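Reviewing the structure listed below.
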Amino acid sequence: MSERERALGSTLKFAVPPDYVFRRDVCSYGYFLLAPNRWDPATESLGRTFEVGEPGAWLTVRAVIDQPAGSNGSPVRVRCDQRLDRADLASLRSQVRRMLNLEDQGVRAFHRSAPEFRRSGRARLFRSPTLFEDVIKTVTSCNVAWTSTIRMNERLCTVVNPAFPRPSQLARRKPGTLRARCGVGYRDVRIVEIGRLFASGASAVDGLEDSSRPDDEVYEQLLGLPGIGPYAASNVMQLLGRYGHLPVDTETMRHARSVLGMEGEDKRLRERVEEHYRPYGEHRFRAYWFELWADYERRRGPAWTWDPETTGKTFTASSLRD
DNA sequence: GGTAGACCTGGACGC
DNA sequence: GCGTCCAGGTCTACC
């Protein structure tokens with residue numbers, strides 16, 4: 001493809017399920033506020049840098065994704081800053097489909113289990129183009145305030161790769177460099193090690209996306225990864241489309257006390273939270289999460305109106321405490 | 001199996 | 001402007 005042909009940006013349009021509402025379903029999980037994603041509340045579009053191609057010939061593409069008609073189930077559009085060939089368009093399409101979680105077959109079942117979310121239509125959860133990015137984003141969200149998570153992801157994109165670091169890029173980095181330039185702190189060694197595992201296709205990460213495997217097996221495997229404890233493993237589970245685990249953190253405790261009216265010490269509260277969401281079975285994460293999200297929206301307005309520079313930075317348990 | 005303390009960063013607070 | 005304290009989940013050592 002010539003340079004001139006490339007200059008005329010490609011546009012991709014594709015059908016989505018009838019229930020799909022772009023602004024609601026993108027702004028459904030905090031990762032829509034993390035680099036390289038950039039939500040624009042004014043145009044209700046998501047900007048992002050992607051990488052297409054193959055090892056040794058990566059192509060960096062800047063794209064803007066939206067749903068021009070804005071109505072349920074109307075096609076989603078992806079506008080690129082350059083012209084892509086068929087293979088690159090296919091790669092981009094598959095990355096966007098993962099982010100938008102379009103293959104999620106459990107929406108109806110979730111609404112049967114939790115009819116209180118039928119009216120809002122909440123069910124789908126936003127995620128990253130790759131499992132690797134979801135895992136690293138999860139590690140950067142552990143033991144840290146939300147603003148620091150935002151900063152770490154920004155710096156990883158600025159310092160290593162604007163489309164988000166690839167496993168091999170993090171595998172090659174010195175931990176000290178990541179710590180000094182990306183502000184990841186003691187997570188440096190763990191991030192490099194996760195990069196190595198994904199880059200080499202080690203058995204520790206093999207089969208994580210195999211949906212035929214039982215939940216408990218995948219959960220145990222995740223717990224074996226560096227930097228991944230019970231909270232992070234449960235969070236990655238939901239990013240894999242497995243919603244039966246609850247990632248319990250300080251924010252869960254705040255929610256239990258302030259919204260569910262529960263009392264007691266953390267250990268007892270943890271048990272009560274598990275008990276509370278048990279009736280939702282394999283959908284319990286979604287029931288928990290959209291209840292929490294509805295509370296955020298009561299405080300801050302609909303998520304699609306949040307400005308990443310202001311409102312988007314205010315989510316952390318201590319700042320939301322009543 | 002349970003628990004205490006270290007890990008690192010940035011924000012809040014007091015002086 | 002500086003020093004101190006605290007929030008935040010994982011990991012290791014120890015009981």
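Source: prediction; values computed, not measured. Here is the naming used below: chain letters follow the sequence lines, and residue numbers restart at 1 for every chain.
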Roughly how many Å is it from [atom1] in [X] to [atom2] in [N], rounded to a whole number?
| X | N | atom1 | atom2 | answer |
| --- | --- | --- | --- | --- |
| A/M152 | B/dG10 | CE | P | 8 Å |
| A/D188 | B/dC8 | CG | C1' | 9 Å |
| A/L246 | C/dG9 | CG | C1' | 16 Å |
| A/K267 | B/dG2 | NZ | P | 6 Å |
| A/D266 | C/dG9 | CG | P | 10 Å |
| A/L222 | C/dG9 | CG | P | 18 Å |
| A/I191 | B/dC8 | CD1 | C1' | 12 Å |
| A/W146 | B/dG11 | CH2 | C1' | 17 Å |

Numerically ordered, the residues 169-182 of chain A set in heavy-atom contact under 4.0 Å with DNA chain B is A/R179
Using only side-chain N and O atoms of [X], determine if any of them is under 4.0 Å from OP1 or OP2 of [N].
| X | N | answer |
| --- | --- | --- |
| A/T250 | C/dA7 | no |
| A/R155 | B/dG10 | yes |
| A/R151 | B/dG11 | yes |

Q. Quick one: does A/W39's side chain get under 4.5 Å of A/L46's, heavy atoms only?
A. yes
- prompt: Is the shortest side-chain N to carboxylate O distance from A/R196 to A/E193 below 4.0 Å?
  reply: yes
A correct 5'-to-3' footprint of nucleotides 10-15 of chain C, with B, S and - meaning base, sugar-phosphate only and no protein heavy atom under 4.0 Å, is SS----
Residue pairs passing the salt bridge (charged side-chain N to carboxylate O under 4.0 Å, His left out) test with at least one member in residues 43-56 of chain A, sequence neighbours excluded, are A/R23-A/E44, A/R48-A/E133, A/E51-A/R166
Contacts satisfying salt bridge (charged side-chain N to carboxylate O under 4.0 Å, His left out) that involve residues 26-38 of chain A (not counting sequence neighbours) are A/R38-A/E309
Heavy-atom nearest pair, A/G106 first then A/H283, reads O-CE1, 4.1 Å
A/Y20 meets the ring pair (Phe, Tyr, Trp, His ring centres under 6.0 Å) criterion, sequence neighbours left out, with none
For A/Y231, the ring pair (Phe, Tyr, Trp, His ring centres under 6.0 Å) test, sequence neighbours excluded, returns none
So is A/R286 actually on top of A/Y243's ring, under 6.0 Å and inside 45° of the axis? yes
Item to check | Chi angles and distances behind the side-chain contact (heavy atoms from CB on, under 4.5 Å) call for A/T314, A/W306 | outcome: CA-CA 10 Å; A/T314 60; A/W306 299 347; over 6 Å; no
Exercise for review: Using a 4.0 Å heavy-atom cut-off across all strands, classify A/R270 as base, sugar-phosphate, or nothing.
Suggested key: nothing
A/V144 has its side chain closest, among C/dG8, C/dG9, B/dG11, to C/dG8
